[in-house]
**Q** 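Following this message is one structure expressed as structure tokens.
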Amino acid sequence: MTAHPFDTQGLDHCPFMPVFAPPQVMFVRGRGTELWDSDGKRYLDFLCGLAVTSLGHANPAVADALCRQAGTLLHVSNFFANPVAAEAAIKVNALLAEVTGHEGQVFFCNSGAEANEAALKLARKFGGRGRHEVVSAYGSFHGRTLATLAATGQPTKHEPFQPMPEGFRHVALNDIAALDAAIDTTVAAVLLETVQGEGGVVVADPDYLRAVRALCDERGLLLIIDEVQTGFARTGQWFGFQHSGVVPDVVTMAKAMGNGFPVGATWAKREVAALFHPGDHGSTYSGTAIATAAVSAVIDEMRRIDAPRLAREKGEVLVARLTTLPGVAKVRGRGLLLAAELAPGIDAKAVYTLLLERGLVTNAVTPTALRLAPPLTVTLDEIDEAVDIIANVLEEQTR
Ligand code: PLP
């Protein structure tokens, strides 16, 4: 059995900083929806490393692209061009142009937080000094860097790190009057998720998003949509904003974009992207050949399999099966980004632990709800197997 750093040495001697709770399982291998732990036990992954491995573990197209690129060229810095990044940028821009009707430009980075950092800096260039505030929603999650943490609408996460960088204010989601009241001459941008993933899989109302777009147009504000969790087909459309027909000025993405290889991106309409000049922003790892090889492979493969359609179809099946379970009060979300709100009195953390013991990976996204985000390639048999495991555990909880 593979040594388990948490079990064998205890947390005091753990090689990792104690920012995460000690994990219960060590995974050593995956294929598609399946994972195997260090004891050889098989699991179904209905979380995808938090909506990341949307094409499944060890996806052959992505693995091939990464292996070929690793043997050719990993990185050259932004002093020089590489053809892999150029190709990936063209593919990202083409995808965004298709769904927004606007030409734009892309900045590659390494994570969702960095994608949002670039968007926040664009907002500051857009508004200028004195008009640099960004309004986001309570319950949102935008990252762990100081600025993206400040944008995150979860005051308890701010507390240990006060004072927060200034320039951020929060309003209730789906309340257009509250947003209207929060906008004054110091506000440059509105930053929203179309489904608050970390906030509990809370869907932004399409009418609200359309009203937000109208308000931004009326007041001359940028609309930044954070698609880090919802992007790349997870909700049944390429991007979550498509469900409302709203066109953002800036879109941030990461997670599924590399299917597990760390990469993120900020896309902006061309006139907004033009606010950046050489030296305004950057990253040593912006557009490395290896990361952008993953991006190209993900986009090609998602187009080939029509990933948005898969998310819609499989999502419908999963919702239909879950809603029949007596222990499930309600299912919310879109596509394959779902939360099952459990019947009153059932503790989501306890259910999560039992599911894990029985070989199903999920997440207790709130004390009363389980988040389910299987790969978009999940099979109907795997959905049946997972729902049977959930049904058994919930039945024991309600007995
Ligand atoms: N934005 C959203 C909507 C997210 O869900 C997350 C992570 O869960 C982030 C930003 C931060 O992304 P990362 O952890 O890659 O920095």
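Worth knowing before you read on, the calculation uses all heavy atoms, side chains too, and leaves out hydrogens, waters and symmetry mates.
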**Q** Quick one: do L222 and V247 end up in the same hydrophobic cluster if we chain Ile, Leu, Val, Met, Phe, Trp and Tyr together by side-chain heavy atoms under 4.5 Å apart?
**A**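 No; V247 is not reachable from L222 via cluster members.
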**Q** Between Q154 and S140, is there a donor-acceptor pair closer than 3.5 Å when you use the side chain of the first and the backbone of the second?
**A**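 Yes, the answer is positive, given that a donor and an acceptor are paired below the 3.5 Å cut-off.
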**Q** Mind checking the CG-CG spacing from L310 to L55? Nearest 0.5 Å is all I need.
**A**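 Going from CG on L310 over to CG on L55, the span is 9.5 Å.
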**Q** Report the C-alpha distance between S54 and R234 in whole Å, list the side-chain angles of each, state the deciding distance to 0.1 Å, and finish with yes or no for side-chain contact (heavy atoms from CB on, under 4.5 Å).
**A** CA-CA 7 Å; S54 288; R234 172 63 48 194; 3.0 Å; yes
**Q** Would you indicate whether the side-chain heavy atoms of V250 and I225 approach each other to under 4.5 Å?
**A**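 SC-SC contact between I225 and V250 ruled out.
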**Q** Can you see which heavy atom on D249 is nearest to which on L221, and at what distance?
**A**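 Smallest interatomic distance, heavy atoms only, reads OD2-O, 3.9 Å.
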**Q** For T366 and A369, indicate whether the former's side chain and the latter's backbone hold a donor-acceptor pair under 3.5 Å.
**A**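 Looks like yes, one N/O pair under 3.5 Å.
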**Q** Would you call the rings of F232 and F239 parallel, tilted or perpendicular, where under 30° means parallel and over 60° means perpendicular?
**A**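 Plane angle over 60°, so perpendicular.
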**Q** Side-chain donor-acceptor pair under 3.5 Å between H243 and T235, yes or no?
**A**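 Distance-only check passes for H243 and T235.
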**Q** Is K41 reaching over with its side chain to a backbone N or O of E357, donor-acceptor style, under 3.5 angstrom?
**A**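 Yes, the answer is positive, given that a donor and an acceptor are paired below the 3.5 Å cut-off.
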**Q** Would V263 and I90 show up in the same hydrophobic cluster when neighbours are defined by side-chain heavy atoms closer than 4.5 Å?
**A**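 The answer is no; the residues belong to distinct hydrophobic clusters.
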**Q** Please step through side-chain contact (heavy atoms from CB on, under 4.5 Å) for the pair L173 and Y138, ending with a clear verdict.
**A** CA-CA 6 Å; L173 183 72; Y138 282 116; over 6 Å; no
**Q** Any ion pair linking K269 and E103 (charged N to carboxylate O, less than 4.0 Å)?
**A**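 No.
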**Q** May I ask you to say whether E198 pairs ionically with R371, meaning some side-chain N is under 4.0 Å from a carboxylate O?
**A**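 Salt bridge between E198 and R371, a charged N being under 4.0 Å from a carboxylate O: yes.
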**Q** Identify whether the distance between the nearest side-chain nitrogen and carboxylate oxygen of D217 and R213 falls below 4.0 Å.
**A**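 Yes, charged N to carboxylate O under 4.0 Å.
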**Q** Distance check, rounded to the nearest 0.5 Å: D384 atom CG versus I389 atom CD1?
**A**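 The distance works out to 11.0 Å.
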**Q** Is R42 close enough and on-axis enough to W36, meaning under 6.0 Å and within 45°, for cation-pi?
**A**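 That pair does not qualify as a cation-pi contact.
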**Q** Can we say R124 and D280 salt-bridge, meaning some charged N sits less than 4.0 Å from an Asp/Glu carboxylate O?
**A**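 No salt bridge links R124 with D280.
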**Q** Any donor and acceptor pair, going by atom type alone, linking the side chain of Q242 with main-chain N or O of W238 inside 3.5 Å?
**A**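 A pair under 3.5 Å: yes.
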**Q** Quick one: do R332 and E341 satisfy salt bridge (Lys or Arg N to Asp or Glu O under 4.0 Å)? Show the steps, please.
**A** CA-CA 8 Å; R332 58 174 181 266; E341 189 66 39; 2.8 Å; yes
**Q** What's the spacing between K314 NZ and T377 OG1 if we round to 0.5 Å?
**A**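 Reported value, rounded in 0.5 Å steps: 7.5 Å.
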**Q** Measure the shortest side-chain to side-chain distance between E385 and D388 over non-hydrogen atoms and say whether it is less than 4.5 angstrom.
**A**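 Contact flag for E385/D388 side chains = no.
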**Q** Determine, stepwise, if the pair R29 / D37 fulfils salt bridge (Lys or Arg N to Asp or Glu O under 4.0 Å).
**A** CA-CA 7 Å; R29 189 165 65 86; D37 73 9; over 6 Å; no
**Q** Counting only N and O atoms by type, is there a donor-acceptor contact under 3.5 Å from the side chain of S286 to the main-chain atoms of F108?
**A**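 Judged by distance alone, yes, a pair lies under 3.5 Å.
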**Q** Check step by step if side-chain contact (heavy atoms from CB on, under 4.5 Å) holds for K121 and F276.
**A** CA-CA 9 Å; K121 286 176 76 176; F276 271 159; 4.0 Å; yes
**Q** When clusters are formed by joining ILVMFWY residues with side-chain heavy atoms under 4.5 Å apart, either directly or through shared neighbours, do Y285 and L66 land in the same one?
**A**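 Each belongs to a different hydrophobic cluster.
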**Q** Return yes if some donor-acceptor pair links the side-chain N/O of T152 with the main-chain N/O of H142 below 3.5 Å, else return no.
**A**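 The answer is yes, because a donor-acceptor pair under 3.5 Å joins these two groups.
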**Q** Given 3.5 Å as the limit, does a donor-acceptor pair link the side chain of H102 with the main chain of A268, or not?
**A**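 Side chain of H102 to backbone of A268, a donor-acceptor pair under 3.5 Å: no, none is there.
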**Q** Mind running salt bridge (Lys or Arg N to Asp or Glu O under 4.0 Å) on D306 and R312 for me, showing each step along the way?
**A** CA-CA 10 Å; D306 194 355; R312 279 196 301 277; 5.2 Å; no
**Q** Quick one: does any side-chain atom of N78 pair with a main-chain N or O of S283 as donor and acceptor, under 3.5 Å?
**A**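 Side chain of N78 to backbone of S283, a donor-acceptor pair under 3.5 Å: yes, one is there.
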**Q** For a quick check under 3.5 Å, do T53 and N259 share a side-chain donor-acceptor pair by atom type?
**A**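 On atom types as modelled, these side chains do not qualify, holding no pair under 3.5 Å.
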**Q** Kindly give the heavy-atom pair with the smallest separation between I224 and A123, and that separation in Å.
**A**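 Scanning both residues, the minimum pair turns out to be CD1-CB, 4.2 Å.
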**Q** Quick one, T230 with E227, criterion side-chain hydrogen bond (donor to acceptor under 3.5 Å, both in side chains). Give me CA distance, side-chain angles, the key distance, then yes/no.
**A** CA-CA 5 Å; T230 45; E227 293 275 357; 2.5 Å; yes
**Q** For a quick test of reading the model, state the closest non-hydrogen atom pair linking I183 to R219 and the distance between them.
**A**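 Of all heavy-atom pairs spanning I183 and R219, the closest is CG2-NH1, 3.3 Å.
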**Q** Which heavy atom of L376 sits nearest a heavy atom of A311, and at what distance?
**A**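 Minimum heavy-atom contact is CD2-CB, 3.9 Å.
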**Q** Please step through salt bridge (Lys or Arg N to Asp or Glu O under 4.0 Å) for the pair R358 and E396, ending with a clear verdict.
**A** CA-CA 13 Å; R358 293 174 201 194; E396 289 163 26; 2.8 Å; yes
**Q** So, D184 versus T186: side-chain donor-acceptor pair below 3.5 Å or not?
**A**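 Yes, T186 and D184 have a side-chain donor paired with an acceptor closer than 3.5 Å.
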**Q** Test T72 against Q69 for side-chain hydrogen bond (donor to acceptor under 3.5 Å, both in side chains), laying out the working first.
**A** CA-CA 5 Å; T72 308; Q69 196 56 47; 5.1 Å; no
**Q** Tell me whether F241 is reachable from L337 by hopping between hydrophobic residues (I, L, V, M, F, W, Y) whose side-chain heavy atoms are closer than 4.5 Å.
**A**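 No, separate clusters.
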**Q** Quick one: closest heavy-atom pair of G127 and A188, and the distance?
**A**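 Taking G127 first and A188 second, the nearest heavy atoms are CA-CB, 3.9 Å.
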**Q** When you compare the side chains of T33 and E382, does any donor N or O come within less than 3.5 Å of an acceptor on the partner?
**A**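 On atom types as modelled, these side chains qualify, holding a pair under 3.5 Å.
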**Q** Should E98 and R303 count as an ion pair when the cut-off is N to O under 4.0 Å?
**A**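 R303 and E98: salt-bridged.
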**Q** Count the heavy atoms belonging to other residues, nucleotides or ligands that lie under 6.0 Å from NZ of K349, then report whether that count exceeds 12.
**A**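 No, not enclosed.
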**Q** For the CZ atom on R31, are there more than 12 heavy atoms of other groups (residues, nucleotides or ligands in this structure) within a distance under 6.0 Å?
**A**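 Incorrect, the count does not exceed 12.
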**Q** Calculate, to the nearest 0.5 Å, the distance between atoms CG and CG belonging to L394 and L355 respectively.
**A**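 L394 atom CG to L355 atom CG measures 7.0 Å (nearest 0.5 Å).
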**Q** For Y43 and F27, take the angle between the two ring planes, folded into 0 to 90°, and tell me which bin it lands in: parallel under 30, tilted 30 to 60, perpendicular over 60.
**A**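 Perpendicular: the ring planes of Y43 and F27 meet at over 60°.
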**Q** Please check if any side-chain donor atom of S296 sits under 3.5 Å from a side-chain acceptor atom of K91, or the reverse.
**A**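 There is such a pair between these side chains.
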**Q** Search all heavy atoms of T148 against all heavy atoms of A113 and return the closest pair with its distance.
**A**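 Smallest heavy-atom distance, with atoms named: CG2-O, 3.4 Å.
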**Q** Ignoring hydrogens and geometry beyond distance, is a side-chain donor-acceptor pair present between S111 and E114 at under 3.5 Å?
**A**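 Checked: S111/E114 side chains pair up, N/O donor to acceptor below 3.5 Å.
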**Q** Apply side-chain contact (heavy atoms from CB on, under 4.5 Å) to the pair Q229 and F141, showing each step before the final yes or no.
**A** CA-CA 10 Å; Q229 187 151 160; F141 185 81; over 6 Å; no
**Q** Look at the side-chain heavy atoms of Ile, Leu, Val, Met, Phe, Trp and Tyr, link any pair under 4.5 Å apart, and say whether I176 and V203 land in one connected group.
**A**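 In one cluster with I176: V203, no.
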**Q** Taking atom types as modelled, is there a side-chain donor on H281 or E117 under 3.5 Å from an acceptor on the other?
**A**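 Judged by distance alone, the side chains do not pair up.
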